[in-house]
Student: 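Below you'll find the structure I mean.
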2 protein chains.
Amino acid sequence: MTSTHQPAESTGRPLRRDAERNRERIIAAARAVFATRGLAATLDDVAHHAGVGIGTVYRRFPSKEALVEAALDERLDELAATVEAALEAPTGWDGLTGLLRQVAEMHAADRGLRDLALGGGWTMGHHERIGTRMVPLITRLIERAQAEGSLREDVTAADVPLILMMISEVALHSHPVRPDAYARYLQLLIDGLRRSPDHGDLGRALSQDDVDAVALHWLPSSESRRAPSPS
Amino acid sequence: MTSTHQPAESTGRPLRRDAERNRERIIAAARAVFATRGLAATLDDVAHHAGVGIGTVYRRFPSKEALVEAALDERLDELAATVEAALEAPTGWDGLTGLLRQVAEMHAADRGLRDLALGGGWTMGHHERIGTRMVPLITRLIERAQAEGSLREDVTAADVPLILMMISEVALHSHPVRPDAYARYLQLLIDGLRRSPDHGDLGRALSQDDVDAVALHWLPSSESRRAPSPS
DNA sequence: GTTAAGTGGAGATGGTTCCTCCGCATCGCG
DNA sequence: CGCGATGCGGAGGAACCATCTCCACTTAAC
């Protein structure tokens, strides 16, 4: 099927200067467009935003997935670094709540990152399910905070992605009106995480598999919410 | 637009017996289908589920909106009744938390109801924005719980819809795997609502208009409305 | 100046949904 | 029973949308 044209990537040959410039424009445009419209943005949008034709985008990036990866790969690394940094915090509680706040802010600021980090399948080209990579770290953070006595005993690492999904959902929909609204509800959840004798029973915790399944249902590969017709 | 054919509803004439039976089958099917698939379900789904042709559905209900109204009108009344009943609770705290739990459960069990109750515009044919009707009641409930000293001072009635949106979102996506998962996160939020000296600052509350705008963006009549295009 | 590399964007392709149309089936009255 | 009036099914029209291909044309680079 690829007999007709050869993507320049696959040959080691360097790109012509204008082509290289366009490639970078496309990546920059992808970052901007995905950040505001999420991964559901069309490649036409990206192309137009970059000031190039659609064909140019497809010649450089064989599929949308490849472009997403090129655009967001390092943002994912930043995310991972944030988790690692949280372990350095003076207390487990500060580390955990700081982490939640930082990641929530990142997701609020970059919808594409959110789609990629919390979404189930999607690209995950060669970077394994990011969540899975971070779970051990988060588990350590949580155990530490629980040992310190500040975090309630019945939360688990599996709750972190769910909390982030809820909060980023608020961020997403409140963004045009009150871009800071998500922080209010994150604070409410954080206050609920604190150990207290008044607190109620959380019921059964979610397993890691449950979380993966929920993530998959949350942002299915193409978020094609067809709209009701408001006549 | 309805010039070509005359829906039987508009004439006062009674339906033929088979037609009346079909009408009821359609409404029953609509309730079932909307409950599981949400208002995004297609009328073809409903028709098939009812065992009738699509044409039959459209003859009886001039638009999808009309069917939604016929199917969910009384469920909305139940919702309103639940809010009113919450005022009878022994304490404001019990009333509020019980209300949250009941409504969350209703939304978890009936996705169409959730779409209608929390969604911004949609039908609202003759029942005004439901939320607006309930706000005064919820405000009283909250003030009572705050006066009792159990509810933190910095929450407002406007937080209730947002909480329900978050929680019903969890219910929606976790349903196939762990249909009870939403209750866990609702409990977390409820624990965050309790007055406590440890709790952090929630920041600026949302106004009623903010809530309406968020609701409109949450279940938009069209998710992908052309945003100001890049150029 | 030559030529390979690069370009743009219309449109093929495949997907969705809402709703209409009309030949035929069924009801129920006289 | 017979015969309008009423109701029926569901193919398909119309309108959307996104991904990706193709090729006549432009441009870089030597």
Side-chain angles (χ1 to χ4, degrees), chain A residues 1-26 30 33 37-68 220-231, chain B residues 1-26 30 33 37-68 221-227 229:
Chain A
M1 61 168 84
T2 55
S3 55
T4 48
H5 79 276
Q6 190 77 310
E9 299 337 352
S10 62
T11 92
R13 194 122 35 83
L15 295 168
R16 226 166 68 177
R17 204 173 298 161
D18 55 340
E20 181 56 36
R21 195 184 50 219
N22 277 344
R23 207 191 96 99
E24 256 139 49
R25 271 204 204 148
I26 290 167
V33 169
R37 299 223 221 307
L39 298 188
T42 71
L43 289 210
D44 298 46
D45 271 341
V46 174
H48 192 247
H49 194 275
V52 304
I54 310 147
T56 302
V57 176
Y58 279 99
R59 194 171 322 100
R60 227 37 86 204
F61 303 94
S63 70
K64 186 179 187 174
E65 202 175 292
L67 176 57
V68 169
S221 63
S222 122
E223 176 156 353
S224 57
R225 256 153 226 203
R226 214 1 120 262
S229 88
S231 48
Chain B
M1 60 167 73
T2 54
S3 55
T4 46
H5 78 277
Q6 191 77 311
E9 302 331 355
S10 62
T11 91
R13 193 125 34 85
L15 294 168
R16 228 166 67 176
R17 204 171 300 160
D18 54 342
E20 181 57 35
R21 196 184 47 221
N22 277 343
R23 206 191 96 99
E24 256 140 48
R25 270 202 205 150
I26 290 167
V33 170
R37 298 223 225 307
L39 297 188
T42 70
L43 289 208
D44 300 58
D45 272 340
V46 175
H48 192 251
H49 195 276
V52 305
I54 310 147
T56 304
V57 175
Y58 279 99
R59 193 171 320 99
R60 227 37 87 204
F61 302 94
S63 71
K64 186 177 187 174
E65 203 175 292
L67 176 57
V68 168
S221 46
S222 68
E223 161 107 16
S224 55
R225 258 296 164 263
R226 267 277 168 271
S229 184

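A, B, ... follow the sequence lines: proteins, then strands. Residue 1 opens every chain.
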Student: Please name all residues satisfying side-chain hydrogen bond (donor to acceptor under 3.5 Å, both in side chains) with A/Arg21, sequence neighbours left out, ordered by chain then number.
Tutor: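 side-chain hydrogen bond (donor to acceptor under 3.5 Å, both in side chains) check on A/Arg21 returns nothing, list empty.
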Student: Taking only N and O in the side chain of B/Thr56, is any of them less than 4.0 Å away from OP1 or OP2 of D/dG9?
Tutor: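 True: B/Thr56 side-chain N/O within range (under 4.0 Å) of D/dG9 OP1/OP2.
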Student: Would you kindly give the CG-to-C1' distance between B/Leu39 and C/dC18, to the nearest whole Å?
Tutor: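 Spelled out: CG on B/Leu39 to C1' on C/dC18 is 15 Å.
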Student: In whole Å, I'd like the distance from the CG atom of B/Asp45 to the P atom of D/dG10.
Tutor: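 Taking atom P of D/dG10 as the reference, CG of B/Asp45 is at 15 Å.
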Student: Mind checking if A/Asp44 touches a base, just sugar-phosphate, or nothing, with heavy atoms under 4.0 Å?
Tutor: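 Base contact.
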Student: Rounded off to whole Å, could you give me the CZ-to-P distance for the A/Arg37 and D/dA18 pair?
Tutor: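 Nearest whole value for this atom pair: 11 Å.
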Student: Please tell me which of the listed nucleotides, D/dA11, D/dG7, D/dC20, lies nearest to the side chain of B/Ile54?
Tutor: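 Selected nucleotide (nearest to the side chain): D/dA11.
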Student: If an axis is fit to five pairs at each end of the helix from C/dG1-D/dC30 to C/dG30-D/dC1, what is the angle between the two, to the nearest 10°?
Tutor: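 About 10°, once rounded to a multiple of 10°.
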Student: Would you tabulate the nitrogen or oxygen pairs shorter than 3.5 Å linking the protein to nucleotides 28-30 of chain D?
Tutor:
{"unit_1": "D/dA28", "atom_1": "O4'", "unit_2": "A/Arg16", "atom_2": "NE", "d": "3.3"}
{"unit_1": "D/dA28", "atom_1": "O4'", "unit_2": "A/Arg16", "atom_2": "NH2", "d": "3.4"}
{"unit_1": "D/dA29", "atom_1": "OP1", "unit_2": "A/Arg17", "atom_2": "N", "d": "3.1"}

Student: What residues form a side-chain contact (heavy atoms from CB on, under 4.5 Å) with A/Glu20, not counting sequence neighbours?
Tutor: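 With neighbours one apart ignored, the set is A/Leu15, A/Arg23, A/Glu24.
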Student: Counting heavy atoms from C-beta on, name the nucleotide in D/dG7, C/dC18, C/dG6 closest to the side chain of A/Arg60.
Tutor: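 Given the options D/dG7, C/dC18, C/dG6, the side chain of A/Arg60 is closest to C/dG6.
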Student: What pairs of donor and acceptor atoms, side-chain ones from residues 39-57 of chain B against any protein atom, are under 3.5 angstrom apart with sequence neighbours left out?
Tutor:
{"unit_1": "B/Thr42", "atom_1": "OG1", "unit_2": "B/Asp44", "atom_2": "N", "d": "3.4"}
{"unit_1": "B/Thr42", "atom_1": "OG1", "unit_2": "B/Asp45", "atom_2": "N", "d": "3.0"}
{"unit_1": "B/Asp45", "atom_1": "OD2", "unit_2": "B/Arg37", "atom_2": "NE", "d": "3.2"}

